[in-house]
K.L.:
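Take a look at this one; I'll ask things after.
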There are 2 protein chains.
Amino acid sequence: MNEDTPARKSDPALDAVRDEFVVQWGAMGSAWGINRTMAQIHALLMVSPNPLSTDQVMEELKISRGNAHSNLRELIGWGLIRGVIRKGERKEYFEAEKDVWKMFCTIARERKRREIDPALDVLENCKEASKGLRSSEAKAFHTQISELSDFVKLAGGAMDQIARSEQSKAARWAQKLFT
Amino acid sequence: MNEDTPARKSDPALDAVRDEFVVQWGAMGSAWGINRTMAQIHALLMVSPNPLSTDQVMEELKISRGNAHSNLRELIGWGLIRGVIRKGERKEYFEAEKDVWKMFCTIARERKRREIDPALDVLENCKEASKGLRSSEAKAFHTQISELSDFVKLAGGAMDQIARSEQSKAARWAQKLFT
DNA sequence: TCGAACTTTCAGTAAGTATTGAAAACAATG
DNA sequence: CATTGTTTTCAATACTTACTGAAAGTTCGA
């Protein structure tokens with residue numbers, strides 16, 4: 001078994017802050033309904049100057065191989081990190097996207113796909129299923145669902161647009177928003 | 001114990017769609033990291049033509065009193081439903097905000113408060129704690145955290161603005177977004 | 001002040017999720 | 001093709017969160 005990249009003589013003060021960040025970010029993740037370990041790994045990679053191997057992640061966060069493995073895969077699934085292979089080495093290393101805007105776009109795109117689109121399906125089905133009904137109650141239901149559906153559609157469209165756009169364009173919106 | 005509002009002769013087809021909606025919306029909630037029962041109650045009240053009592057909610061969703069109670073309170077905490085008291089009756093009834101735009105604003109405001117603000121705290125702390133460090137690694141860390149922090153601050157501000165604005169204004173933004 | 005109608009709390013339990021660790025699968029090397 | 005380093009899988013288990021039901025609390029009217 002090879003040793004990983006030799007431990008660099010590192011500023012202990014920095015290490016402390018880094019750890020704090022990782023721990024806190026993990027806690028945040030929990031509060032948001034995101035797997036704590038996944039959030040921690042993401043935090044760790046976001047502030048790591050170089051890519052880390054599975055073993056380094058395990059070591060850093062004191063977690064099992066299986067846990068590290070599956071959460072790393074999940075993060076790749078989200079597009080938030082990617083695996084890098086160094087020539088001459090067999091281990092896989094992982095690095096996070098560090099550009100905050102790109103990160104945001106990735107999350108927006110992914111959430112749209114995972115949360116908005118299925119919700120729209122549900123709404124469209126109910127809309128369709130209630131279209132024919134004639135009682136006034138049914139009409140009210142249909143109206144309510146339609147409004148919801150339209151709104152969700154709009155929100156989804158907005159997410160797509162934003163995720164597709166350049167940071168510069170977004171900055172301009174922000175500008176407008178605050179004037 | 002009083003009987004609740006007498007069951008209105010209701011369209012069975014409509015009931016079926018309504019149920020479907022409630023069930024599916026609950027499942028969605030699950031997928032989003034939101035308590036399924038809470039999502040179901042919210043769905044139920046969103047499409048209910050009149051306010052419902054705790055007992056009606058229990059009956060409709062086949063859940064216990066404690067469960068109904070605590071989720072109703074939680075929804076009130078979010079500002080998504082409110083309790084109404086009818087004169088001459090001791091029971092409390094509950095109704096959901098039905099205006100989709102208002103609902104969205106409420107959620108945006110609340111999520112900002114519960115998710116964005118705490119995240120900002122974490123980031124500001126780490127930013128502060130790493131300000132003094134001089135190693136180049138530390139500088140990189142500080143930069144990364146600062147960028148994150150700025151971004152989250154911006155996003156939070158945007159959420160505030162949007163939540164504060166009128167639907168008409170938002171519609172105008174949407175307009176721009178799609179041209 | 002009593003009792004009925006209703007709400008709130010909470011200990012116990014059920015259901016759901018995350019984690020471990022070890023075995024199996026895979027891949028590169030000689 | 002055997003060895004060694006590495007990744008992947010997964011049954012068992014630990015941990016977390018949601019739910020129940022019954023008891024305690026509150027409010028109101030007579």
Side-chain angles (χ1 to χ4, degrees), chain A residues 1-5 22-23 25-44 51-78 81-94 114, chain B residues 1-5 22-23 25-44 51-78 81-94 114:
Chain A
M1 194 201 278
N2 282 335
E3 253 320 295
D4 286 318
T5 314
V22 170
V23 166
W25 204 250
M28 286 292 324
S30 263
W32 293 31
I34 288 161
N35 181 324
R36 187 174 72 249
T37 303
M38 187 172 138
Q40 285 187 347
I41 297 181
H42 186 222
L44 180 62
L52 302 181
S53 67
T54 302
D55 295 77
Q56 288 173 312
V57 171
M58 288 165 60
E59 166 59 21
E60 202 68 54
L61 304 180
K62 309 288 184 234
I63 58 177
S64 72
R65 181 171 305 283
N67 196 8
H69 175 79
S70 62
N71 282 294
L72 282 165
R73 290 297 140 197
E74 182 96 346
L75 281 166
I76 289 178
W78 273 80
I81 68 172
R82 77 192 124 191
V84 303
I85 35 157
R86 296 174 175 172
K87 52 186 170 184
E89 284 208 62
R90 293 174 63 175
K91 255 199 250 292
E92 187 174 18
Y93 289 75
F94 303 92
R114 296 174 190 225
Chain B
M1 193 200 278
N2 282 334
E3 252 322 296
D4 287 317
T5 314
V22 169
V23 166
W25 205 251
M28 286 293 322
S30 264
W32 292 31
I34 288 162
N35 180 324
R36 185 174 75 249
T37 303
M38 185 172 140
Q40 285 187 347
I41 296 180
H42 186 221
L44 181 61
L52 303 181
S53 68
T54 302
D55 295 79
Q56 287 173 313
V57 171
M58 288 165 61
E59 166 60 21
E60 201 69 52
L61 305 180
K62 307 291 183 231
I63 59 177
S64 72
R65 181 172 303 283
N67 195 10
H69 176 77
S70 62
N71 281 294
L72 282 165
R73 291 297 138 196
E74 183 96 346
L75 281 165
I76 288 178
W78 273 79
I81 67 173
R82 76 190 124 192
V84 302
I85 35 156
R86 296 174 175 172
K87 54 185 167 182
E89 284 207 62
R90 295 178 61 176
K91 253 199 251 294
E92 187 173 17
Y93 289 76
F94 302 92
R114 296 173 188 224

K.L.:
Can you check whether A:K91 reaches A:D55 side chain to side chain, under 4.5 Å on heavy atoms?
P.N.:
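They are in side-chain contact.
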K.L.:
Find every protein N or O atom lying less than 3.5 Å from an N or O atom of nucleotides 8-10 of chain D, and list the pairs.
P.N.:
residue: D:dT8; atom: OP2; partner: A:H69; partner atom: ND1; Å: 3.0
residue: D:dT8; atom: OP2; partner: A:H69; partner atom: NE2; Å: 3.4
residue: D:dT8; atom: OP2; partner: A:R73; partner atom: NE; Å: 3.2
residue: D:dT8; atom: OP2; partner: A:R73; partner atom: NH2; Å: 3.0

K.L.:
Nearest to the side chain of B:T37 - D:dT7, C:dT19, D:dA18?
P.N.:
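Closest nucleotide to the B:T37 side chain: D:dA18.
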K.L.:
Just the atom pairs and distances: protein N or O near nucleotides 26-30 of chain C's N or O, under 3.5 Å.
P.N.:
residue: C:dA27; atom: N3; partner: A:R90; partner atom: NH2; Å: 3.0

K.L.:
D:dA14 P sits how many Å from A:R36 CZ, rounded?
P.N.:
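My rounded result for the distance is 17 Å.
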K.L.:
Do other residues, nucleotides or ligands put more than 12 heavy atoms under 6.0 Å from the CZ atom of B:R114?
P.N.:
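Correct, the count exceeds 12.
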K.L.:
Starting at atom CZ of B:F94, determine the distance to atom P of C:dT7, rounded to an integer number of angstrom.
P.N.:
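Atom-to-atom, B:F94 to C:dT7, this comes out as 7 Å.
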K.L.:
So, using side-chain contact (heavy atoms from CB on, under 4.5 Å) as the criterion, who are the partners of A:R73 when residues are at least two apart?
P.N.:
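Scan of A:R73 (side-chain contact (heavy atoms from CB on, under 4.5 Å), adjacent residues dropped) gives A:H69, A:I76, A:E92, A:F94.
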K.L.:
Using atom CD1 of A:I63 as one end and atom C1' of C:dT20 as the other, report the distance to the nearest whole Å.
P.N.:
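To the nearest whole Å, that distance equals 11 Å.
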K.L.:
Kindly determine whether B:H42 and B:I34 satisfy side-chain contact (heavy atoms from CB on, under 4.5 Å), including the steps that lead there.
P.N.:
CA-CA 11 Å; B:H42 186 221; B:I34 288 162; over 6 Å; no
K.L.:
Would you kindly give the CE-to-P distance between A:M58 and C:dA18, to the nearest whole Å?
P.N.:
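In whole Å, C:dA18 P and A:M58 CE are 19 Å from each other.
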K.L.:
Kindly compute the distance separating CG (A:N71) from OG1 (A:T54), expressed to the nearest 0.5 Å.
P.N.:
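Going from the CG atom of A:N71 to the OG1 atom of A:T54 covers 11.5 Å.
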K.L.:
Rounded to the nearest Å, what distance is computed from the CD atom of residue B:Q56 to the C1' atom of nucleotide C:dA5?
P.N.:
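About 16 Å, once rounded to whole Å.
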K.L.:
Considering residues at least two apart in sequence or located in another chain, which fulfil the side-chain contact (heavy atoms from CB on, under 4.5 Å) criterion with A:E74?
P.N.:
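Residues passing side-chain contact (heavy atoms from CB on, under 4.5 Å) with A:E74: A:M38, A:W78.
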K.L.:
Once rounded to the nearest 0.5 Å, what's the spacing between atom CD1 of A:I41 and atom CD1 of A:I81?
P.N.:
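Interatomic distance, A:I41 CD1 to A:I81 CD1, rounded to 0.5 Å: 7.5 Å.
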K.L.:
Which residues pass the side-chain contact (heavy atoms from CB on, under 4.5 Å) test with B:V23, sequence neighbours left out?
P.N.:
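Residues passing side-chain contact (heavy atoms from CB on, under 4.5 Å) with B:V23: none at all.
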